[in-house]
A.B. asks: 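One structure follows; several queries about it will come next.
We're numbering straight along the sequence, starting at 1.
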Amino acid sequence: MHLATTPEEQQAWMSQWRNAAIELEKVKREELQALTDERAFEISNMLLRMGPFPGCGRACSQDSGLVEQQRIFGRARR
């Protein structure tokens, strides 16, 4: 692997990465615009089925947490 050692090579390398970042952002935007609600739901469910995520501390729940939130609010009212 050749490292960019001269200032010209370093500038060319940075320019290439800047251009790549711009193009990748365009691809990301296009993919998100084409994403349907159904496909987003499918993808999120696939991720949730993969199991607990690092740093979760316990088995991650597959619900939204709304029921638990309402239980806490109900107790706070009493």
Side-chain angles (χ1 to χ4, degrees):
M1 179 169 109
H2 174 74
L3 297 177
T5 53
T6 66
E8 293 80 19
E9 287 178 327
Q10 292 170 351
Q11 284 182 337
W13 185 83
M14 286 303 298
S15 175
Q16 183 178 13
W17 277 103
R18 270 190 224 102
N19 291 336
I22 292 167
E23 293 304 313
L24 285 171
E25 187 60 35
K26 287 178 186 175
V27 169
K28 177 182 167 184
R29 194 174 322 112
E30 289 168 4
E31 287 179 354
L32 286 173
Q33 287 174 341
L35 185 64
T36 64
D37 289 345
E38 293 80 17
R39 183 64 181 140
F41 185 72
E42 245 177 67
I43 292 168
S44 65
N45 279 336
M46 287 186 326
L47 289 170
L48 288 171
R49 282 193 300 269
M50 290 173 71
F53 294 97
C56 193
R58 61 178 176 75
C60 294
S61 174
Q62 291 190 4
D63 62 27
S64 68
L66 184 59
V67 172
E68 179 69 11
Q69 179 188 40
Q70 293 304 313
R71 186 179 63 75
I72 293 168
F73 288 162
R75 267 196 274 156
R77 261 183 277 155
R78 292 181 217 143

A.B. asks: Would you say the side-chain atoms of Gln69 pair up with the backbone N or O of Gly65, donor to acceptor, closer than 3.5 Å?
C.D. replies: no
A.B. asks: Is there side-chain contact between Leu32 and Lys28, with heavy atoms separated by less than 4.5 Å?
C.D. replies: yes
A.B. asks: Identify the heavy atoms of Glu42 and Arg39 that sit nearest to each other, and give their distance.
C.D. replies: OE1-NH1, 2.7 Å
A.B. asks: Which value, rounded to the nearest 0.5 Å, describes the distance between Asn19 atom CG and Leu24 atom CG?
C.D. replies: 11.0 Å
A.B. asks: With hydrophobic residues grouped by side-chain heavy-atom distances under 4.5 Å, do Met50 and Met46 end up in a single group?
C.D. replies: yes
A.B. asks: Using a 4.5 Å cut-off on heavy atoms from C-beta on, say whether the side chain of Trp13 contacts that of Gln10.
C.D. replies: no
A.B. asks: For the residue pair Met14 and Gln11, establish whether any side-chain heavy-atom pair is separated by less than 4.5 Å.
C.D. replies: no
